[in-house]
Amino acid sequence: SLRSGDELQIDGPYLTAERDGKPVRAAKMSKAFSDTLDSLSGKGFRPSGAKVRFVVSWKGEEETEETPIILTDLKMVKSL
């Protein structure tokens, strides 16, 4: 039910969205992206928010059902 422009919160490796006043896990960051965030953290950056840019469908060759993939804009800030 996510739409482009929806705000997301960062909760560890998860992106959460608020639904009916409660946080709901919407997506889990990939291992590769988590490694990238760790690298940026070592350089003094931290994520401060995210928004949904697109929701696309993915279906692997061996799969019968499509999986929604959330593409986001992630805002990073320099830690002091």
Side-chain angles (χ1 to χ4, degrees):
S1 66
L2 290 174
R3 302 246 182 234
S4 196
D6 284 353
E7 295 285 334
L8 299 170
Q9 292 75 41
I10 299 161
D11 182 18
Y14 297 97
L15 295 174
T16 61
E18 191 171 307
R19 293 292 180 246
D20 298 324
K22 298 178 185 176
V24 176
R25 287 181 177 170
K28 183 176 181 181
M29 294 180 207
S30 69
K31 173 73 171 126
F33 188 70
S34 292
D35 291 344
T36 300
L37 282 180
D38 288 343
S39 174
L40 289 170
S41 177
K43 296 176 183 176
F45 292 92
R46 64 177 176 78
S48 66
K51 280 187 181 182
V52 175
R53 176 163 285 207
F54 299 105
V55 179
V56 298
S57 294
W58 172 262
K59 182 177 170 186
E61 291 180 15
E62 303 295 321
E63 297 175 17
T64 59
E65 300 208 13
E66 292 181 342
T67 302
I69 305 295
I70 300 169
L71 304 177
T72 64
D73 288 328
L74 186 65
K75 183 177 179 183
M76 303 290 289
V77 295
K78 180 81 170 169
S79 301
L80 300 175

Could you state whether Met76 and Val52 fall into the same hydrophobic cluster, counting links through intermediate Ile, Leu, Val, Met, Phe, Trp or Tyr residues with side-chain heavy atoms under 4.5 angstrom apart? yes
In terms of hydrophobic clustering (I, L, V, M, F, W, Y; side-chain heavy atoms under 4.5 Å; direct or indirect links), are Leu8 and Ile10 co-clustered? yes
Could you grab the distance from atom CG of Leu15 to atom OG1 of Thr72, nearest 0.5 Å is fine? 5.5 Å
Could you list all the salt bridge (Lys or Arg N to Asp or Glu O under 4.0 Å) pairs where at least one residue sits in residues 10-29, not counting sequence neighbours? Asp6-Arg19
Could you note down all residue pairs passing salt bridge (Lys or Arg N to Asp or Glu O under 4.0 Å) where residues 64-74 supplies at least one of them, sequence neighbours left out? Arg53-Asp73
Only counting residues at least two apart or in another chain, list the ones meeting salt bridge (Lys or Arg N to Asp or Glu O under 4.0 Å) with [X].
| X | result |
| --- | --- |
| Lys31 | Asp35 |
| Lys75 | none |
| Glu7 | Lys51 |

Run the side chain to side chain donor-acceptor pair (under 3.5 Å) test against Arg46 and tell me which residues pass, sequence neighbours left out. none
With sequence neighbours excluded, what pairs up with [X] under the side-chain contact (heavy atoms from CB on, under 4.5 Å) test?
| X | value |
| --- | --- |
| Ser30 | Ala32, Phe33 |
| Pro68 | Val55 |
| Lys78 | Phe45 |

Might you point out which heavy atoms bring Gly49 and Leu74 nearest each other, and give the distance in Å? O-CD1, 3.4 Å
So, for Val77 and Ser48, which heavy atoms are closest and what is the spacing to 0.1 Å? CG1-OG, 3.6 Å
Report the hydrophobic cluster partners of Ile69, with the cluster defined as I, L, V, M, F, W, Y residues connected by side-chain heavy atoms closer than 4.5 angstrom, directly or transitively. Phe54, Val56, Trp58, Leu71
Could you work out the complete set of other residues in the hydrophobic cluster of Val24, with links drawn between I, L, V, M, F, W and Y side chains under 4.5 Å apart? none
